[in-house]
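Here the structure is laid out as structure tokens; the discussion comes afterwards.
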2 protein chains.
Amino acid sequence: MTLDDSHDATEVQAPQQPRLGRKRDHSRDPEILEAALDVLAEEGYDGMTIDMVAARAKAGKATLYRRWPSKGELVVDAVACLKQVDLEHLPDTGTLRGDLVAMIKPRTLEDAERKVQIMGGLMSVLSRSPELADAISAAIIEPRAEVNRILLRRALDRGEISPEVDIDALALVSPSMASYRTLVLKQPVDREFLIGLIDGVILPAAGVRAPVEA
Amino acid sequence: MTLDDSHDATEVQAPQQPRLGRKRDHSRDPEILEAALDVLAEEGYDGMTIDMVAARAKAGKATLYRRWPSKGELVVDAVACLKQVDLEHLPDTGTLRGDLVAMIKPRTLEDAERKVQIMGGLMSVLSRSPELADAISAAIIEPRAEVNRILLRRALDRGEISPEVDIDALALVSPSMASYRTLVLKQPVDREFLIGLIDGVILPAAGVRAPVEA
DNA sequence: CAGATCCGAAACTGGTCAGTCTCGTATATA
DNA sequence: TATATACGAGACTGACCAGTTTCGGATCTG
């Protein structure tokens, strides 16, 4: 949304002639947005300053304001630009447990942790800014839930889990517990934790029979 | 901690002579701390100003600084003053489900919601202030987990759940999902949600047989 | 009533930060 | 080489806010 009518589409990928010179061109937008996300994850919304973002992107503060009218809109854009999980290429191993375990990849864990940190840094602003709340929801919250819904629905179609299971509710178990563990308990969401979550909570709640005795 | 060596113990409950005059006395500490918690829950740490707290407590800003050296310490004190759950008088109905359901009381839900809001408002500051992180942990996070651990341990002793269940992990399901629902999804943690959580997730994960067919 | 104490109100100080503006430079076109 | 554009750097402005100080009034003590 905030993205459509602004600049990204035209400028970010504008080919022009990328000269030999270092990195100027036009449109350093992606670097700036990435810098904003980094600062956001580390400092939170209120702790983030425009100077921090500019410095990290090695850009001038004025450059940021040439592209975004305010800090708030920059952040909304940055969040909206978070790369999405590819819902088309989810693991399909034939079992719910297989799919869930296949989702555990170092790359995915890092990505998820960063998003959770960003979400945490924006937590107290969510109530103040519906725009931002929508951006976060669309970029982080919904996709994560949707992945689980898809895997659970497949398991349901396969007859692996009972039709009485509340898929929508169950899809939120992993995002909830991972966020809480990262933001509140400050503990790592690693493979061990996730396997325990899958075998100890999600599969039993889904009514899958043997929680796998190794 | 930050409480012990300061003032509360002597001033908060100092009887003195509560004269007929309106409400002066000495030690409006409780009102001030309550005001701080209210503002905190509504605005978050960075959104909260000392003037807001003073205004809400109908006190002068100087009065706050006469008692606390900084905003940070005021907040730490306020959080530490949150009234604790009484771990001695938990429901004991004879079944895990009975105990968990008995924990659902309007009073408790309100109290929990406020604490979660406060936690959310402090989320982005947790990394910057270990003191505050400790206060939150001791006042909000640990007690909530401990309640569940106690109920689960009782169920274990009763033989109601299998010894293989990871009680510590399971005790975090409810706090995690309730926090996520409140702070991220902005949906109410009401009786319906909690019953669904108990019957759909916690009891199955605990290995309790019949999830109760009404 | 006289002195001491504590209060709330509000003025004040200093630092920080969002947002603006200027300027010297580097690039791109021609 | 000349012109135009967009950049990074950084000075600047104005608002806001933590923390301090002042002051007039109300209460308690004697």
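The chains referred to below are lettered A, B, ... by the order of the sequence lines, with proteins before strands, and numbering in each begins at 1.
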Using nucleotides 16-22 of chain D, report all nitrogen or oxygen pairs with the protein that are shorter than 3.5 Å.
| unit_1 | atom_1 | unit_2 | atom_2 | d |
| --- | --- | --- | --- | --- |
| dA18(D) | OP1 | M48(B) | O | 3.2 |
| dA18(D) | OP1 | K71(B) | NZ | 3.2 |
| dA18(D) | OP2 | I50(B) | N | 3.2 |
| dG19(D) | OP2 | Y65(B) | OH | 3.1 |
| dG19(D) | OP2 | K71(B) | N | 2.7 |
| dG19(D) | N7 | K61(B) | NZ | 3.2 |
| dG19(D) | O6 | K61(B) | NZ | 2.5 |

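Between E31(A) and R67(A) there is no salt bridge, since none of the side-chain N atoms of the basic residue sits less than 4.0 Å from a carboxylate O of the acidic one.
Atoms CD1 (I32(A)) and P (dA6(D)) sit 14 Å apart, rounded to a whole Å. When rounded to the nearest whole Å, the span between CG of L64(A) and P of dG19(C) equals 11 Å. Note: CG (D29(A)) to P (dC7(D)) measures 9 Å, nearest angstrom.
For DNA chain D, none of the residues of residues 118-127 of chain B falls under the heavy-atom distance limit of 4.0 Å.
Residue R28(A) has no polar side-chain atom (N or O) positioned under 4.0 Å from OP1 or OP2 of dA6(D). Regarding contacts with the backbone of dC6(C), every side-chain N or O of R67(B) stays at 4.0 angstrom or more from both OP1 and OP2.
For CD of E192(B), the number of neighbouring non-hydrogen atoms (other residues, nucleotides, ligands) closer than 6.0 Å is 12 at most. In this structure, K186(A) places its NZ atom where more than 12 heavy-atom neighbours from other residues, nucleotides or ligands lie under 6.0 Å away.
Nearest heavy-atom pair, S137(A) versus P143(A), reported as atom, atom and distance to 0.1 Å: O-CD, 3.7 Å. When all heavy atoms of R107(A) and K83(A) are compared, the pair lying nearest together is NH2-NZ, 4.5 Å. Between A206(A) and I161(A), the closest heavy-atom pair is O-CB, 3.3 Å.
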Got a list of side-chain donor-acceptor pairs under 3.5 Å for residues 165-176 of chain B, not counting sequence neighbours?
| unit_1 | atom_1 | unit_2 | atom_2 | d |
| --- | --- | --- | --- | --- |
| D166(B) | OD1 | D168(B) | N | 3.2 |
| D166(B) | OD1 | A169(B) | N | 3.1 |
| D168(B) | OD1 | R149(B) | NE | 3.4 |
| S176(B) | OG | L172(B) | O | 2.6 |

Worked verdict on D46(A) versus R128(A) for salt bridge (charged side-chain N to carboxylate O under 4.0 Å, His left out): CA-CA 12 Å; D46(A) 293 295; R128(A) 288 182 247 163; 3.7 Å; yes

